[in-house]
Amino acid sequence: MCSRFELNADPGALARRFGLTAPPPWPQASERRPTDAILVIGADGFGLMPWGLAVEWQPAPLINARAETLAAKATFRPLLSGGRVLVLASAWWEWPGRVKTRIAPVDADLLAFAGLSDGRGVVIVTCAPSAGLAAVHDRMPVILPPESGAAWIDGSKPFEAVAPLLRPHAGPFAITAAPRRQPDLFG
DNA sequence: CCAGACGTTGTT
DNA sequence: GTCTGG
DNA sequence: CCAGACGTTGTT
DNA sequence: GTCTGG
């Protein structure tokens, strides 16, 4: 996964579901790419934050972090207690066979991805794919079910206590190829 | 991911 | 810049 | 201490 | 080189 996702939802409904104190700031477009502002909820509040964690040793920011190795990576270790956040989404895309393919939950309008933030940027945590998505891609974002979101962002819980949440979400997911743009007038 | 565009004025 | 491996 | 890695996905 | 579309 995950060089692109979508946030297409009603801000008021989102605020109610996540108990926000006010309607959240909203990205300008639903489709989100690395470096775009994305909606993040953490223990200290919510807001827009650039997608990607800046590192000094390469020009492009890191956008993903493997769940399996988080605790072993010096880059992510400092974020494991105080930097756990939710990244709000409604779907994400993969490119099996280079065909843009949308993956969205069948039974929900919103997804909460597990994220890690240093206060300046965010990475999305990835895991192995669920059975239903294995044919699409070999990774997927960690999706936290509604009952797990609060625990993930609770910095008073040690990372070891929430690490078991970082597992593939079974779905079900709707997998749909993006329609090709209509040939315009005159082809 | 890769491929393809990346611009404007004035318009059918 | 900071961490890890040797 | 110094040298080299440091991240992920997808791939040369 | 970087952005956009699929």
Side-chain angles (χ1 to χ4, degrees), chain A residues 1-8 26-38 40 42 48-104 111-144 152 159-160 162-163 165-169 171 173-187:
Chain A
M1 111 123 245
C2 236
S3 53
R4 209 176 311 185
F5 67 90
E6 173 199 86
L7 176 58
N8 187 2
W26 207 255
Q28 297 209 338
S30 62
E31 196 162 329
R32 304 286 79 196
R33 297 182 186 232
T35 73
D36 288 348
I38 61 177
V40 172
L48 297 176
M49 184 172 281
W51 182 10
L53 194 70
V55 290
E56 321 76 55
W57 41 272
Q58 72 158 32
L62 308 178
I63 61 168
N64 293 152
R66 296 175 65 88
E68 299 91 328
T69 54
L70 280 183
K73 301 294 184 180
T75 301
F76 301 131
R77 213 177 296 133
L79 314 179
L80 292 182
S81 54
R84 303 197 306 257
V85 298
L86 305 178
V87 173
L88 280 296
S90 52
W92 75 97
W93 283 282
E94 295 294 352
W95 284 265
R98 295 177 201 169
V99 176
K100 186 182 185 182
T101 302
R102 183 172 182 271
I103 304 159
L111 295 169
F113 294 157
L116 292 170
S117 173
D118 64 355
R120 312 255 313 136
V122 196
V123 294
I124 294 171
V125 181
T126 68
C127 60
S130 64
L133 295 181
V136 178
H137 196 54
D138 63 352
R139 304 294 293 172
M140 70 183 285
V142 170
I143 295 165
L144 298 173
W152 174 250
F159 175 69
E160 310 78 64
V162 293
L165 299 175
L166 303 178
R167 60 179 185 270
H169 191 289
F173 298 103
I175 301 167
T176 53
R180 294 215 148 238
R181 187 172 58 89
Q182 289 289 336
D184 58 19
L185 229 47
F186 313 116

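To find a chain, count down the sequence lines: A is the first, B the second, and so on, and within it residues start at 1.
Rounded to a whole angstrom, the distance from the P atom of C:dG5 to that of D:dG7 is 11 Å. B:dT8 and D:dA5 are spaced 45 Å apart, taking the P atom of each and rounding to whole Å. Distance noted for atom P between B:dC6 and D:dC6: 39 Å (whole Å).
Contact detail for A:V99 and A:A177: the closest heavy-atom pair is CG1-CB, 4.0 Å. Of all the heavy atoms in A:W51 and A:R4, the pair that sits closest is CH2-N, 3.6 Å. Considering every non-hydrogen atom in both A:V142 and A:A67, the closest pair reads CG2-CB, 4.4 Å. Nearest heavy atoms, A:A65 versus A:L70: CB-CD2, 3.6 Å. Scanning both residues, A:A104 and A:R102, for their nearest heavy atoms gives CB-NH1, 3.6 Å.
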Under-3.5 Å N/O pairs linking protein and nucleotides 1-7 of chain B:
residue : atom : partner : partner atom : Å
B:dC1   : N4   : A:R4    : NH2          : 2.7

Pairs: protein N or O with nucleotides 1-5 of chain C N or O, under 3.5 Å:
residue : atom : partner : partner atom : Å
C:dG1   : N3   : A:E56   : OE1          : 3.1
C:dT4   : OP1  : A:R77   : NH1          : 3.3
C:dT4   : OP1  : A:R77   : NH2          : 3.2

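Within a 6.0 Å sphere centred on CD of A:Q28, other residues, nucleotides and ligands contribute 12 heavy atoms or fewer.
The CD-C1' distance, from A:E31 to E:dG6, rounds to 9 Å in whole Å. Spacing between atom CG of A:D138 and atom C1' of D:dT8 amounts to 11 Å, rounded to whole angstrom units.
Residues meeting the side-chain hydrogen bond (donor to acceptor under 3.5 Å, both in side chains) test with A:E68, sequence neighbours left out: A:R139. Under the side-chain hydrogen bond (donor to acceptor under 3.5 Å, both in side chains) criterion, A:S90 pairs with A:E6, not counting sequence neighbours. With sequence neighbours excluded, the residues satisfying ring-ring contact (aromatic ring centres under 6.0 Å, His included) with A:F173 are A:W92, A:H169.
Within the 4.0 angstrom heavy-atom criterion, only backbone atoms of the sugar-phosphate kind lie near A:A65; the bases stay farther away.
With the 3.5 Å cutoff on both pairing distances, Watson-Crick and G-U pairs in DNA chain E assemble into runs of at least 3 at B:1-6 with E:1-6.
At a threshold of 4.5 Å between non-hydrogen side-chain atoms, the residues A:C2 and A:N64 count as touching.
Contact between the side-chain N/O atoms of A:R102 and the OP1/OP2 oxygens of E:dG6 is not found at any separation under 4.0 Å.
At distances below 3.5 Å, not a single donor-acceptor pair connects side-chain atoms of A:R32 with backbone N or O atoms of A:F5.
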